[in-house]
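A quick write-up on the structure given underneath.
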Amino acid sequence: MLTRMAYLHAVGLALLALGGWLSLCAADVGDFAPCLNFFYRSWPPKGLSGTPICQRYGNQYHFASLYSRPRRSPRFSAYMFSPPEGKRPPANWMFEPQLANTTADGNMTPFPLGELDPNVVNSQAVQLDYTNSSYTRGHLNPSLHHRTQEDRLSTFTLTNVVPQKFGSNNGPWETLENQVNHTLGSYCLGVAYVVTGVIPYLDNKHWIKGHRVAVPEYMWSAYCCPKYNKSLLNKVNLSKVFPTYAAIGRNDPNSTEEIVPIDKSSHKWFWGYDVRRMPLDTLEMYLKERFGTVISVFYEQCSGVK
Ligand SMILES: *[C@@H]1O[C@H](CO)[C@@H](O)[C@H](O)[C@H]1NC(C)=O
Ligand SMILES: *[C@@H]1O[C@H](CO)[C@@H](O)[C@H](O)[C@H]1NC(C)=O
Ligand SMILES: *[C@@H]1O[C@H](CO)[C@@H](O)[C@H](O)[C@H]1NC(C)=O
Ligand SMILES: *[C@@H]1O[C@H](CO)[C@@H](O)[C@H](O)[C@H]1NC(C)=O
Ligand SMILES: *[C@@H]1O[C@H](CO)[C@@H](O)[C@H](O)[C@H]1NC(C)=O
Ligand SMILES: *[C@@H]1O[C@H](CO)[C@@H](O)[C@H](O)[C@H]1NC(C)=O
């Protein structure tokens with residue numbers, strides 16, 4: 001009896017130890033497996049390559065990003081929308097220690113006041129890259145689209161940020177984020193999955209700080225809300241915005257107008273930073289054109305579950 005109990009005890013301890021070891025080893029960088037819940041039907045967008053990051057803050061996952069190491073910026077961030085409450089938190093910018101060192105802490109970490117580990121500087125964008133760059137830090141996953149303070153604070157990591165012109169970030173792109181907030185907050189009844197990403201320049205010649213961080217030519221965004229208030233279909237024309245909706249925004253007034261035309265009557269601050277709303281399949285057509293491969297943002301274009 002005693003030996004049997006001792007045996008069970010030992011097995012229990014071993015399982016506990018194994019559990020602890022597994023949770024320590026669940027990598028935040030390199031695999032979306034621990035954070036598939038941020039994607040509609042656990043299905044990350046197909047067709048884009050990069051380094052998956054499960055964005056962990058305060059020991060919890062808050063969203064997911066696909067990171068491009070050569071560009072030192074994300075290709076997209078994926079998150080679940082929740083209606084915001086209260087004010088935008090003060091920015092306390094963070095980095096991803098595991099991009100520099102796979103055995104480092106998986107939580108995003110505030111930039112230290114003093115000197116940064118050169119491995120961190122090599123592996124990702126840092127605060128200095130944006131200083132005097134003429135670009136703002138543009139969130140892909142915006143703080144505005146989250147209810148909890150932790151979700152909001154977790155968006156302030158440079159692995160969720162791309163160089164975005166002020167005229168876009170504080171103009172038409174911000175208007176889009178507000179509009180999506182209102183549409184989803186008012187009519188989406190279940191979970192809304194959002195993916196926001198970038199379209200690189202064709203010539204690959206736009207960088208900040210020499211050749212450190214790549215500037216995107218356009219930003220794009222799409223959401224999938226499979227469960228929405230259909231009783232409003234007659235009152236408000238929602239057929240175009242549910243279950244999916246997408247947009248592409250300019251980040252350069254010099255870009256041609258084939259993808260997004262310029263509204264010539266815009267205020268001079270925002271001139272050339274227009275956002276064009278479009279159906280999901282139109283966005284995917286432009287992504288295919290630019291990346292030269294089929295890009296699917298949502299599983300079965302968000303129509304998989306009824
Ligand atoms: C990586 O992180 C581990 C744990 O913090 C540390 O012991 C090791 O020295 C680091 N390696 C490098 C190359 O910085
Ligand atoms: C940014 O520009 C200002 C004004 O030209 C200059 O004083 C400052 O040293 C620059 N900072 C960096 C980090 O380049
Ligand atoms: C977001 O939408 C909610 C309504 O769902 C609204 O109360 C709130 O003011 C909006 N926030 C912003 C910043 O537009
Ligand atoms: C849908 O919208 C109608 C009209 O505003 C409202 O009466 C109803 O409660 C809403 N349904 C749900 C499930 O929120
Ligand atoms: C709503 O949009 C659909 C699709 O574009 C269009 O056919 C329909 O006429 C619109 N309905 C209203 C009431 O505007
Ligand atoms: C647009 O082109 C002008 C003239 O070539 C150049 O000075 C400016 O820096 C360009 N703007 C951007 C955002 O690249």
Side-chain angles (χ1 to χ4, degrees), residues 45 47-51 53 65-77 93 95-96 99-100 118 120-141 157-174 176 195-222 246-264 266 268-276 278 282-295 297:
L48 293 165
S49 56
T51 303
I53 299 179
S65 301
L66 187 70
Y67 197 73
S68 167
R69 286 183 180 273
R71 297 172 64 80
R72 289 195 184 86
S73 51
R75 291 202 177 278
F76 65 71
S77 287
W93 290 102
F95 67 97
E96 174 54 61
L99 279 174
V120 170
V121 180
N122 279 337
S123 63
Q124 58 201 291
V126 298
Q127 296 282 67
L128 261 182
D129 289 322
Y130 285 87
T131 312
N132 292 352
S133 71
S134 90
Y135 286 87
T136 64
R137 287 163 291 210
H139 282 81
L140 295 186
N141 170 12
T157 170
L158 288 189
T159 59
N160 176 45
V161 155
V162 296
Q164 185 181 14
K165 280 288 185 188
F166 175 91
S168 166
N169 202 359
N170 297 74
W173 193 258
E174 186 180 24
L176 174 76
V195 183
T196 298
V198 298
I199 302 183
Y201 284 91
L202 278 173
D203 67 11
N204 204 27
K205 278 185 182 153
H206 297 73
W207 298 73
I208 55 175
K209 287 295 141 86
H211 209 268
R212 276 194 45 89
V213 184
V215 174
E217 183 170 13
Y218 299 95
M219 324 242 310
W220 60 265
S221 185
I248 298 180
R250 302 171 63 95
N251 194 32
D252 184 346
N254 293 347
S255 296
T256 60
E257 295 187 62
E258 286 132 32
I259 303 180
V260 186
I262 293 174
D263 176 358
K264 305 294 189 295
S266 294
K268 64 174 194 285
W269 292 351
F270 310 124
W271 198 96
Y273 296 109
D274 306 69
V275 170
R276 176 179 155 199
M278 57 184 70
T282 308
L283 167 67
E284 289 181 339
M285 181 198 78
Y286 285 119
L287 294 178
K288 181 184 175 194
E289 213 170 88
R290 184 57 63 100
F291 287 96
T293 184
V294 173
I295 313 276
V297 181

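Quantities reported herein were computed from a predicted structural model and do not represent experimental measurements. Basis for what follows: all heavy atoms, side chains included, without hydrogens, waters or symmetry-related copies.
Contact record, Gly50 with Leu66: C-CD1, 3.5 Å, taken as the closest heavy-atom pair. Between Gln164 and Gly138, the closest heavy-atom pair is OE1-CA, 3.1 Å. The two residues Val198 and Phe291 have their closest heavy-atom pair at O-CZ, 3.8 Å. Ser123 and Arg69 make their closest contact through CB-NH1, 4.3 Å (heavy atoms, listed as atom of the first residue, atom of the second, distance). Here the closest non-hydrogen pair linking Ala125 and Tyr130 is CB-CE1, 4.3 Å. Pairing each heavy atom of Ser49 with each of Arg75, the nearest pair is O-NE, 2.8 Å.
Side-chain contact between Pro253 and Ile262 is absent, with no heavy atoms from C-beta onward closer than 4.5 Å. A 4.5 Å side-chain heavy-atom check between Arg290 and Trp220 finds every atom pair outside the cut-off. Val294 has its side chain out of reach of Glu284: every pair of non-hydrogen atoms, C-beta onward, lies at least 4.5 Å apart. In this structure the side chain of Pro74 reaches within 4.5 angstrom of the side chain of Val162, judged on heavy atoms.
A salt bridge is absent between Glu257 and Arg276: the closest approach of a Lys/Arg side-chain nitrogen to an acidic carboxylate oxygen does not fall below 4.0 angstrom.
Of the inter-residue distances, the one linking Leu158 atom CG with Tyr67 atom OH reads 8.0 Å to the nearest 0.5 angstrom. Rounded to the nearest 0.5 angstrom, Arg250 CZ and Tyr218 OH are separated by 5.5 Å. Between atom CZ of residue Phe76 and atom OG of residue Ser221 there is a gap of 12.5 Å, rounded to the nearest 0.5 Å. Atom CD in Glu217 sits 6.5 Å away from atom CG in Asp252 (nearest 0.5 Å). Here the CZ-OH distance, from Phe166 to Tyr273, works out to 10.5 Å after rounding to the nearest 0.5 Å. Asn160 CG to Ile53 CD1: the interatomic distance, rounded to the nearest 0.5 Å, is 9.5 Å.
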Pairs of donor and acceptor atoms involving the side chains of residues 206-214, under 3.5 Å and at least two apart or interchain, shall be tabulated with distances.
residue: His206; atom: ND1; partner: Asp203; partner atom: OD1; Å: 3.4
residue: Trp207; atom: NE1; partner: Asn204; partner atom: O; Å: 3.0
residue: Trp207; atom: NE1; partner: His211; partner atom: NE2; Å: 3.3
residue: Lys209; atom: NZ; partner: Leu128; partner atom: O; Å: 2.6
residue: Lys209; atom: NZ; partner: Thr131; partner atom: O; Å: 2.8
residue: Arg212; atom: NE; partner: Asp129; partner atom: OD1; Å: 2.7
residue: Arg212; atom: NE; partner: Asp129; partner atom: OD2; Å: 3.3
residue: Arg212; atom: NH1; partner: Val121; partner atom: O; Å: 2.9
residue: Arg212; atom: NH2; partner: Val121; partner atom: O; Å: 3.1
residue: Arg212; atom: NH2; partner: Gln124; partner atom: O; Å: 3.0
residue: Arg212; atom: NH2; partner: Asp129; partner atom: OD2; Å: 2.8

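Across Val275, Ile199, Leu176, a single residue satisfies side chain to side chain contact (heavy atoms under 4.5 Å, CB included) together with Ile248, and that is Ile199.
More than 12 heavy-atom neighbours from other residues, nucleotides or ligands sit within 6.0 angstrom of NZ on Lys264.
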Practice task
Show the numbers, then the answer: is there a side chain to side chain contact (heavy atoms under 4.5 Å, CB included) between Trp173 and Asn251?
Solution key: CA-CA 9 Å; Trp173 193 258; Asn251 194 32; over 6 Å; no
